[in-house]
Structures are given as C-alpha cells and as structure tokens.
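Here the structure is a predicted model, which is why all the values come from computation and not from measurement.
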Amino acid sequence: MIVDDEPIIRKGLKKIINWEEYDFNIVCEARDGEEALELLKEYSIDFIISDIKMQKITGIELLRKIRENGLDTLVLLLSGYDEFTYAQEGIRLGAFDYILKPLDAQKLKNILNNAYDKLAMKEKKDHEYNVNKIISGEKVLYDLLRGKNLMLMDEYISQYNLPLIKGKVQVAIVEINEIIISSEDLTENDEWNYLNNEVNELIEKELKKSDIEHFSVLDGDFGKRIILVQTDKNIEISDFNQSFIEVLKEILKTSSEKYQIKLNIGVGNAYNQLYSIYKSYLNAKEALKYKYVLGTNKLIQLDELAEIRKKNFVYPIEKEKALINSILIGKEDSSSILRELVSEIASMLNSDIFSINIAFTQVVDNIYNNVLKKYSFLEDVYDLSQIINIGFLGVETLEDIEKQLIDNIEKLIDIIKEYNLNQSDNIVQKACEYVLNHIDEDIALSSIANNLNISKNYLCSIFKQQTGENFLEYATKAKMERAKILLKRHDYKVYEVSDLLGYKETSYFSKLFKKHTGYTPAEYKKISI
C-alpha cells in the first residue's frame, strides 16, 4: 500500500520502479493514515510505504496504530531532510526502514530486496499462513464464497469461528438499485446511509421472523448484501429453497411498498453440501446479470433462467462484446453495431423505457471499464468521465437514448483515433502507448526506439508515414493535454507541472502550452472550460 497525501508522489512511487520485478504488487493507495487504516481492514498488506507528514493521521501515528492493532506489516517511512527526527522516532516504533525525498530508485530497490527476504523468512516459519497477515474471519468467508481454499474449510471454521455448519446451503445477493445506478450522487449526502440501514434492518428482521435457523448477512460490493442460509435438518432441498424464497419475496415486497426502495435480488441454487457454497454464490451473481433483461425490483432465481433461454430471451452479450471490441480499435462501424444492440435490447424488453435505461447504464459502464482496462493511461490526458458518466434515467424515448449513446461513443472513438491507438501498424501503436504510459517523464526518442528494438530514424519515418504528424509533435500534444488536466483537476502550480512533465525551463513549457491551447498556463488555470 502506498500512503501519501500528494497524488503526484503516489503516482511517482508507482512508476519509479517495476514493483513486480521485486515480487511486490501495489494493491491499493491511501491519501492519509486514516484512509490507510480503513484499507487495512479490507486488504491483507505485507508492506506499506508511507509519507511521514500528512493531515488527519501522520505516518508515525499510522505506524503506532498498526503496532497497537498487533499487525506485523512492514512500514517504510518516506521523509524529507527536515523530518529526520520523525524518521528516527519511526524506527524506534518498529518501522522497517526510511527513505529520503527525492526518492533514489536504487535505494528503494535495495530496501525491497531486504523486505522480501524478511517476508520470505516469516513465510518459511509458518507455511500455512504468512504470519504478518491478520486475516479476519469475514475475509476468510469471502474467500470461501469465491471458491478459494475450500480444502481448508474445516480448519477455517474452527480457527476463525465462522458461522458455517455442515448441511444444506444457499446464497442470495441483495442489491440496492438506487445505489448501484446513482452511486456518485448518493455518497455526497445522507441518503446512502439511509438506504443501507433500512435494507439491513429489513433483511435481519425478515430472516429472524422466518423458520431459517442459521443465516449470515455480509457486506458485498458497493450497494450489495450477501445472505447465506443453512440448515442441518433432514428436509428436502426443494423445501429448503422454498423457505428462503418466501423470505426474499417478503424482503422485496416490504422494501418496495413500505420504504419505496427498489431491490434486485439474485438467488443461487440450494445445495446439499457446504462445500458447494461457492457454487450458490456464483449462481446468485449470474442471476443478477439478468436484471438488464427482466427489469429491476425483481427476485431472479437461476433455475428460472433456463426457461428464459428456451424463449430466446437472452441478453445479447456477444453483441455487446463486439461493440466494445470495435470501440477499442476505433472502428467506424461501431455506431451501426450500437444501433443493432439498442434495437435488440429494446425488443427483448418490450420497449419499456425504464428497463432500457437500466440496461444501457450498464452497457456504458462496461464500455468505460474495458476502455480503462486497455487504455488506462488515457485518463492522464483526457477526462473520460465527461463522455462515459452519463445517465439515461431522465431520457424518455428510445431515439433519444440511441442518439445520446452514439454521440458519446463517437467522441470516445475520436479520442482513441486522436492518440493513434487504432493504428494497424503495431510499432506505431506501441510507440504511442509508450508515450502515454510515460507521460510524466522526460520522454526520449532513443529510449522508445530501444524499447521497440528499432532505430530512431525508422521510428520517425514510419510514425510520420502512418499518422501524418512527426513524433515530437505527438509527444508534445500529449504532454500539453496532460498539463491541462494537472492545472485544472489537480490545481498544481505552473512550475510543478513543468517539472513533472520533464521540462527543465518553465518558460519553455509555458511557450509550448500557449502554442497548443492559445493560453498561458496561468491564464488557463483561471478560465472556465
């Protein structure tokens, strides 16, 4: 975990070395010690690199609380020269090491080698678990739900006192529709807490009223609750399933009628053996996907979907995949594929606008996630949220939905084309991706040519031939777009942006910026665009 209140420092730490070469993966990052402590409840972290001076909870206080909680996590403190006494205090508290700013890559590599050796030694002493990982019972239960470490289930039940018994098992996932659709807006007020609390209380109340003796309710992903029910009674599996279904129907009905909260509930199949717990969980996840076909505020059972498939009433997932692949390579026919998808989904949903709205909110989310998965660096030079974060709940006609989707997707394709990520020539595309992946560095033509195992002259020649612009123009354009985001979104000072992007002279950077935008960096910070 990386902990620092400066986004630019966090980004620099991720890029200064190839962490995987040293057998480390960056799992998460935090803006301060308080956020880091919350993340430690969610993740099992081996190694933390933390700034010393931060608001809310400092690096020293974070280290102290980690030790008070009995965690063995290795902590590397990041300090300036004027913070050396704090670093010494950190060492007394059990910090693994400290490193001074500005960061020395070789020093960090040496520290990582030492850290790996220490962690490997701990693992050798306890081959069952890495003793520096304090795994909560809930985390272990989540792993079992996902099919991990099933062979150790008996041991886990005893060691972590898990709420599991041998016998029949079934899982359902309850999703609060309003949170799933409008998560950004709801997190800014009290409505999110209200919805969660009401649904939690309702689930607990209905389960306690039922004849189900063994149940657990777990937090799932954002806006979701996982219900796990079990019995060791000698009853038919169908009766066990029916009892659970009745409870879920009552939860759905009461939530909608009494609280005006719409839920989507996916129910997995019931199984005779506890070891099939993961199957029921995956069933429930699969069932939930069909809310885009069946509509929201429904109880969806996986065994009912077989009948739906017989009626050819299946979400056109292959067409959605074709659309996403077409967008990723910037193909002109993406709009026609989209029109076909809109028409097919509208037909399946009997042109019910609300259901169509829900379906395409998910389609847009899928597009966004896939674009970021392949071109994560685009966010550094373009604010993709302007294109992707659109909602359809206020759109009243199918024609308007289609127009809004096509407009946004065409903009997305224009961005992919603008940065030449749709090039048929693999060398040119890799060169462009290299620039965007190293946008916050001093990009040298020689380093890219070496990376691609070609000569500088050949790279320049083929780049100009394929794109119509020379390589330096492309790199400068990308850096100026990055500068616009740093100046506006992150509010960096002009000299900080110049330095970050590898320009030693701020005046030269400002000249390039004005040529590209028509404004000086200082003017651009003040205008509203």
Are Asn110 and Gln106 linked by a side-chain donor-acceptor pair shorter than 3.5 Å? yes

Would you say Tyr275 and Asp154 are linked by a side-chain donor-acceptor pair, where the criterion is simply a distance under 3.5 Å? yes

Given side chains that start at C-beta, do those of Leu164 and Leu144 come closer than 4.5 Å, heavy atoms only? yes

Within the structure provided, determine whether Ile277 and Leu145 are in side-chain contact (heavy-atom separation under 4.5 Å). yes

Could you tell me whether the side chain of Lys258 reaches within less than 4.5 Å of the side chain of Leu202, counting heavy atoms only? no

Phe513/Tyr524 aromatic ring centres below 6.0 Å: yes

Within 45° of the six-membered ring axis of Tyr278 and under 6.0 Å from that ring's centre, is NZ or CZ of Lys148 located there? no

Should the pair Glu29-Lys14 be classified as a salt bridge under the 4.0 Å nitrogen-to-oxygen rule? yes

Residues Glu496, Lys493: salt bridge by 4.0 Å N-O rule: no

N-O pairing of Lys430 and Glu433 below 4.0 Å: no

Check: Arg225 and Asp219 side chains under 4.5 Å, non-hydrogen atoms: yes

Considering only NZ, NE, NH1 and NH2 on the basic side and carboxylate oxygens on the acidic side, decide whether Asp5 and Arg10 come within less than 4.0 Å. no

Before giving the answer on ring-ring contact (aromatic ring centres under 6.0 Å, His included), spell out for Phe47 and Phe24 the whole-Å C-alpha distance, their side-chain angles and the decisive distance to 0.1 Å. CA-CA 9 Å; Phe47 185 84; Phe24 284 87; 5.4 Å; yes

